[in-house]
Amino acid sequence: MKLMHISDLHIGKRLMDVSLLEDQKYILEQILDIMDREQPDALLIAGDVYDTARPSIEAVELMDFFLTQLARREKPVFIISGNHDSAERLTYARSFLAQSRIYISPVYNGHIEPIRLADEWGVVCFWLMPYVNPDHAAAYFPDQRIRNADEAARAVLSEMQPDRSLRNVILSHQFIVGGTTSDSERKSVGTLEDVSAQYYEAFDYVALGHLHRPQNVGRSDGTMRYCGTPLKYSRSECSNEKTVTMVEMDAKGEMTVSQCPLHPLRELRLVRGGFDALMQEGPEAGAEQDFYFVDLTDEEDIPNAAARLRERFPNMLAMRYDNKRTRSFQMVDAPEELEEKSPMQLMEELFVLIHKEEMSAEARQFVTETMKKVEGFKE
């Protein structure tokens, strides 16, 4: 059985307040082309379909286009919700979509039943484990102490009890210990989000979502893998190659894992150098419309540097100085996305992360009034 693994589409995401919908449509069409070429028996989408719990109309329309195209290919599609998604909203029309063999994980209710496919080697069980926060999981395991993601995942996975004589594939959206993060992921406090790889021992292939860099984790043979995002969503990913992961399962214990490269509409690049040199050289030939992060190495500030650089790099996303002065203040390693967000924006994101819904007007007013008591707060 041949499987295609993608995740973390983050449809509707904005990069430094620039819409990526055109770029996302381009890469989704490329994923469809790879499906047509590779002819997988099933597609796995391991969470974070949308970038927010309440996606824009345009984002929903793009996902509608993608699902319609997938349905026309008449291949099974397995989708789970991630920590950016609203599980309740993502599961809308779930039963109807199942008629087109598009299977979406329900809101977690304490039990996960596998979906079974068969090939010449027998049955493959697909387990759809949505992102489950500890508070939600604790409601279904009152006899267990669940205080963090590790304890929640252990409880959820222990309940499944897969038949180990069969081939088992799980889709899961968690931070597995040992994974390498990127700036575009939501940050957690300490080790609250860490999950041990050992809980997934019963599964032949673990299709992971959540981390944006493509990488193997927990196992050396590639059978526990983050496929990564289809696009680069932060400057820390500029050097990454984006791919989709292909899995070929034969008899129990026989599996090969490979990658198919993805090529974006507009590349995300990082350039570094003195102002005069960058203005003279400009972007590489054919890369004029790419997205750019620019690090200036000049020791003195250049008047109107950002505006002037945009004459050479029209899609420049951000500029900063990397020199003796900024390094002395440890400014260079600060993630760009955090630098650009106001305290209220960060509070709103934290609220969504914890409660899985947008902050109400009343809550926002309370937070605003509280934060205004802090000297220098600006919304």
Side-chain angles (χ1 to χ4, degrees), residues 6-21 24 28 45-67 78-94 97 102-109 128-139 149 152-153 156 171-175 181-189 192-193 208-212 229-231 233-234 337-338 340-368:
I6 63 175
S7 76
D8 294 270
L9 307 180
H10 286 277
I11 296 175
K13 185 174 179 63
R14 302 179 70 87
L15 182 57
M16 306 303 290
D17 208 34
V18 174
S19 173
L20 296 178
L21 280 172
Q24 291 178 326
L28 291 177
I45 305 179
D48 279 356
V49 172
Y50 292 111
D51 191 53
T52 67
R54 293 188 177 183
S56 66
I57 294 173
E58 293 80 8
V60 173
E61 288 175 344
L62 180 53
M63 186 58 184
D64 177 71
F65 159 79
F66 189 46
L67 290 175
F78 300 102
I79 304 173
I80 62 171
S81 56
N83 60 305
H84 280 249
D85 297 310
S86 163
E88 292 80 5
R89 289 185 175 88
L90 191 62
T91 56
Y92 173 76
R94 183 175 69 90
L97 288 170
I102 297 175
Y103 305 100
I104 302 176
S105 61
V107 177
Y108 185 70
N109 61 5
L128 309 187
M129 177 183 170
Y131 175 80
V132 182
N133 67 45
D135 289 341
H136 186 77
V156 172
L171 284 70
S172 184
H173 195 93
Q174 302 288 160
F175 176 73
T181 62
S182 303
D183 288 346
S184 53
E185 294 143 16
R186 285 178 177 167
K187 301 300 184 289
S188 61
V189 178
L192 287 176
E193 294 293 323
L208 292 169
H210 187 45
L211 297 188
H212 291 184
T229 54
L231 290 173
Y233 289 141
S234 69
E337 292 192 10
L338 295 181
E340 295 293 320
K341 293 177 180 177
S342 69
M344 178 55 73
Q345 287 175 309
L346 294 173
M347 286 296 295
E348 289 174 338
E349 289 188 1
L350 178 62
F351 189 93
V352 171
L353 179 63
I354 295 173
H355 298 285
K356 299 302 174 185
E357 62 181 24
E358 300 291 337
M359 188 181 289
S360 67
E362 293 79 9
R364 195 178 196 283
Q365 181 178 357
F366 173 79
V367 172
T368 300

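Heads up: numbering here begins at 1 and tracks the sequence.
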Looking at Gln24 and Tyr233, what are the two nearest heavy atoms and their distance?
NE2-OH, 3.0 Å
Roughly how far, to the nearest 0.5 Å, is CE of Met63 from CG of Leu28?
8.0 Å
Heavy-atom side-chain contact between Tyr92 and Val60 under 4.5 Å:
no
Determine the minimum heavy-atom distance between Ala59 and Ile11, stating which atoms define it.
O-CG2, 3.4 Å
Do Tyr131 and Ile80 come within less than 4.5 Å of each other through their side chains, counting heavy atoms only?
no
Could you report the tightest heavy-atom contact between Gln174 and Met129, atom names first, then the distance?
OE1-CE, 4.0 Å
Not counting sequence neighbours, which residues clear side-chain contact (heavy atoms from CB on, under 4.5 Å) with Ser81? List them please.
Asp85, Ala87, Leu90, Ser105, Pro130
Do the non-hydrogen side-chain atoms of His10 and Leu231 ever get within less than 4.5 Å of each other?
no
The side chain to side chain donor-acceptor pair (under 3.5 Å) partners of Asp17 (sequence neighbours excluded) come to Arg14
To the nearest 0.5 Å, what is the distance between CD1 on Ile104 and CG on Leu97?
5.0 Å
Report the residue from His210, His173, Lys13 that forms a side-chain hydrogen bond (donor to acceptor under 3.5 Å, both in side chains) with Asp48.
His173
To the nearest 0.5 Å, atom CD1 of Ile57 lies from atom CG of Asp64 at 13.0 Å
Could you work out, with ring pair (Phe, Tyr, Trp, His ring centres under 6.0 Å) as the rule, every residue matching Tyr50, not counting sequence neighbours?
none
How close do Ile45 and Phe66 get, heavy atom to heavy atom, and via which atoms?
CD1-CE2, 4.1 Å
Just how far is it from atom CD1 of Ile6 to atom OG1 of Thr229, taken to the nearest 0.5 Å?
11.5 Å
Atom of Ser7, atom of Pro230 and distance for their closest heavy-atom approach:
O-CD, 3.5 Å
For Thr91 and Pro106, the nearest pair of non-hydrogen atoms, with its separation, is CG2-CA, 3.8 Å
